[in-house]
Amino acid sequence: MPLRKLPVLFITGLLLLLATISESFAFQIGTDQSALSGLRATLISDSLQSYLKYKAGTIAFTEVNVIDGLGGPVRKNQTVIIENGHFSTIGDDGTIEIPSHALQVNLRGKTMIPGLVGMHNHLHFPQFPEIGEASAKLYLAAGVTTIQTCGAASAHEELKLSSRISNGQFPGPEIIPSAPFITGPGGNPNMIIPRDEAHLRDTIQYWIDKGVRWFKVYRNTKPEDLKTAIEVAHANNARVRGHLCSITFKEATEMGIDGIEHGLNSTSDFRTNKTFGQCDGGREYIDELQINSEEVIALQQQMIDKGVFMTSTLSVFEASVAQRAYADARALKAMSPYLKGLYEERRKAFDKEMKDETRLKRLKRMMAFEYQYFKMGGLLCSGVDAGRHVLPGFGDQRNFELFLEAGFSTEEAIQVMTSNGARALNRNDIGSISSGKRASFVILNGDLTANSKVIEKVETVFKNGLGFDPQIILNEMQGKFGL
């Protein structure tokens with residue numbers, strides 16, 4: 001036998017042996033049960049292995065409170081079985097037969113929610129155009145298992161990181177990447193500013209050929225460029241979303257846009273003296289517009305009828321409200337000295353503005369705009385749009401508490417942050433705790449329906465059946481975000 005064949009045969013035999021052993025034993029930090037999943041587990045890089053808490057192929061979680069992400073009431077004392085990276089069986093304790101080879105984990109008093117689907121979750125940060133690795137780790141540690149990046153500052157790097165994560169070479173959420181932002185004259189120079197229609201078509205096609213299926217238009221985009229972007233994207237099974245200003249929500253909806261960002265704060269429909277196709281006009285509406293007026297309801301109904309999703313980013317706006325712009329203690333631990341210094345300077349300025357409640361009232365109006373859209377049947381999603389002292393992941397969790405303040409129930413807030421995002425992404429394999437879907441979920445240490453702060457008490461984050469220890473990630477990230 002040629003010696004060069006020995007390593008291959010040896011490795012193959014070892015994999016078969018591990019798969020056979022795993023048929024009889026499920027264990028923590030072990031090998032997946034099926035041969036296919038066993039092979040997948042062995043291909044995870046050594047650097048990723050160090051973050052894992054569970055690798056068993058079949059796990060039965062018992063006595064857990066389940067919020068399934070579909071908006072229905074919490075289900076108490078459930079048994080949830082995952083096998084080979086997917087949810088297998090879900091039901092009341094005592095009614096489910098647990099496989100003899102399953103690892104059993106009792107979660108009495110704890111809550112299981114789907115992995116969060118971040119729909120405005122950049123891999124860049126103000127002054128840091130490429131901070132993807134650090135962002136990915138913080139997202140995952142906070143329970144965000146899928147992100148749509150909603151515009152890329154470093155699109156090629158974003159694609160590379162997405163590939164590394166999907167190949168098990170780096171810890172992070174599933175990244176659904178974006179092309180660079182598209183804008184217009186007067187827009188940010190690091191974005192795509194089309195020279196003409198041919199340039200825009202060629203640029204969009206370039207990124208489609210790279211595998212990108214999400215495009216974002218920004219504030220100064222010309223109406224004709226949005227029409228072209230939508231036409232080219234939709235012809236290639238891609239989608240377009242927008243942070244709008246030059247184009248109103250109504251105009252974009254009529255053109256066929258798929259998603260709109262930020263809600264009331266970007267609704268240029270109600271600006272005074274606005275010029276068609278220009279980001280101008282007065283913003284008195286932000287303080288004066290009646291949210292339940294006929295004109296607002298008509299606009300929202302049009303968006304709903306056309307299937308336009310809207311993405312809420314409340315936590316980053318709250319960061320500009322003097323009375324509420326306080327950094328999460330965990331975020332301060334993760335920040336670099338530089339970012340911490342910037343926060344401290346901003347906080348000093350905010351301390352001088354505490355009597356001015358203008359922005360606080362705006363925050364409340366934004367909440368009302370989004371709550372109304374949701375209750376009317378609109379597809380509302382959630383994202384962090386990280387910036388200021390609101391870091392990736394931590395800001396996603398803060399959004400949950402702000403949704404409760406806006407009037408959403410616990411179950412509705414989780415729906416917005418999970419299955420609604422999956423619907424917007426046209427994904428039927430993620431977003432809820434349902435049989436057959438990917439086992440991407442979060443175990444929270446406490447009863448989320450009784451205490452909203454439990455959203456921060458992330459005990460384990462499962463992504464495709466692999467359980468990550470968030471504390472290992474957070475310990476590693478202390479002082480490193482923004483270096």
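Keep in mind that the numbers below use all heavy atoms, side chains included, and drop hydrogens, waters and symmetry copies. Numbers here are sequence positions counted from 1.
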Between Asn236 and Ile204, is there a side-chain heavy-atom distance shorter than 4.5 Å?
no
For the pair Asn220 and Ser246, evaluate side chain to side chain donor-acceptor pair (under 3.5 Å) and give the outcome as yes or no after the intermediate values.
CA-CA 5 Å; Asn220 293 78; Ser246 56; over 6 Å; no
Rounded to the nearest 0.5 Å, how far does CD1 of Ile192 lie from OH of Tyr206?
10.5 Å
Do Glu224 and Lys227 meet the salt-bridge criterion of a basic N to acidic O distance under 4.0 Å?
no
I want to check something: taking the side chain as every heavy atom from C-beta on, are Tyr139 and Val384 in contact at a cut-off of under 4.5 Å?
yes
Verdict with reasoning, Phe468 to Tyr51, per ring pair (Phe, Tyr, Trp, His ring centres under 6.0 Å)
CA-CA 6 Å; Phe468 291 82; Tyr51 297 101; 7.4 Å; no
Assess whether salt bridge (Lys or Arg N to Asp or Glu O under 4.0 Å) is satisfied between Lys457 and Asp447, documenting all intermediate values.
CA-CA 10 Å; Lys457 298 181 179 179; Asp447 183 351; over 6 Å; no
Run the numbers on Phe408 and Tyr371 for ring pair (Phe, Tyr, Trp, His ring centres under 6.0 Å), then give the verdict.
CA-CA 7 Å; Phe408 294 79; Tyr371 183 69; 5.1 Å; yes
With a 4.0 Å cut-off on N to O distance, would you call Arg201 and Glu197 a salt bridge?
yes
Can you tell me how far CG of Leu264 sits from CZ of Phe249, rounded to the nearest 0.5 angstrom?
8.0 Å
Between atom CD1 of Ile193 and atom CG of Leu200, what is the distance when rounded to the nearest 0.5 Å?
12.0 Å
Let me confirm one number: the CG-CD distance from Leu123 to Glu157, rounded to the nearest 0.5 Å.
11.0 Å
Do the side chains of Glu353 and Lys348 get close enough for a salt bridge, i.e. N-O under 4.0 angstrom?
no
With a 4.0 Å cut-off on N to O distance, would you call Glu318 and Arg398 a salt bridge?
yes
When Thr311 is tested against each of Glu261, Glu370, His262 for side-chain contact (heavy atoms from CB on, under 4.5 Å), which residue passes?
Glu261
Nearest atoms (heavy-atom pairs only) where Ile257 meets Thr253
CG2-N, 4.0 Å
Would Ser419 and Ser432 count as a side chain to side chain donor-acceptor pair (under 3.5 Å) here? Give the steps.
CA-CA 6 Å; Ser419 68; Ser432 68; over 6 Å; no
Less than 4.5 Å apart, any side-chain heavy atom of Asp258 and any of Val308?
no
CG of Leu70 to CG of Asn420, rounded to nearest 0.5 Å, is 9.5 Å
Tyr326 ring centre to Arg347 NZ or CZ under 6.0 Å, with the angle to the axis within 45°?
yes
Before you tell me yes or no, could you show the steps for Glu130 and Lys160 under salt bridge (Lys or Arg N to Asp or Glu O under 4.0 Å), namely the whole-Å CA-CA distance, both residues' side-chain angles and the distance that decides it to 0.1 Å?
CA-CA 12 Å; Glu130 206 295 294; Lys160 291 177 185 177; over 6 Å; no
Do Ser266 and His243 have side-chain heavy atoms sitting under 4.5 Å apart?
yes
Could you check Glu174 against Lys463 for salt bridge (Lys or Arg N to Asp or Glu O under 4.0 Å), going step by step and ending with a plain yes or no?
CA-CA 9 Å; Glu174 177 188 1; Lys463 181 187 165 195; over 6 Å; no
For residues Met354 and Gln323, report the shortest heavy-atom separation together with the two atoms involved.
O-NE2, 2.8 Å
Kindly determine whether Asp429 and Arg438 satisfy salt bridge (Lys or Arg N to Asp or Glu O under 4.0 Å), including the steps that lead there.
CA-CA 6 Å; Asp429 59 334; Arg438 294 190 188 190; 2.9 Å; yes
Student check: side-chain heavy atoms of Lys53 and Leu466 closer than 4.5 Å:
no
Indicate whether the side chain of Ser178 and that of Thr149 have a donor and an acceptor atom separated by less than 3.5 Å.
yes
Below 4.5 Å, heavy atoms only, C-beta onward: do Lys210 and Leu159 meet side chain to side chain?
yes
Would you say the ring centroid of Phe125 lies under 6.0 angstrom from that of Phe481?
yes
Please indicate whether Asn426 has more than 12 foreign heavy atoms, meaning atoms of other residues, nucleotides or ligands, lying under 6.0 Å from its CG.
no
Are any of the side-chain nitrogens in Lys110 or Glu63 under 4.0 Å away from the carboxylate oxygens of its partner?
no
Phe441/Phe61 aromatic ring centres below 6.0 Å
yes
Kindly compute the distance separating CD (Glu251) from CG (Leu226), expressed to the nearest 0.5 Å.
9.5 Å
Provide the closest heavy-atom pair for Val316 versus Asp385 in the form atom of the first, atom of the second, distance.
CG2-O, 3.2 Å
Closest approach of Leu161 to Phe170 (non-hydrogen atoms, all atoms of both residues):
CD1-CD2, 4.0 Å
Can you find a pair of side-chain heavy atoms, one from Phe394 and one from Glu456, that are under 4.5 Å apart?
no
Electrostatic pair Glu284-Arg271, nearest N-O below 4.0 angstrom
no
Establish, from distance only, whether the side-chain atoms of Arg423 and Gln415 form a donor-acceptor pair under 3.5 Å.
no
Side-chain contact test, heavy atoms from C-beta onward, threshold under 4.5 Å: evaluate it for Arg75 versus Asn65 and give yes or no.
no
Test: Glu254 and Lys250 ion pair at under 4.0 Å
yes
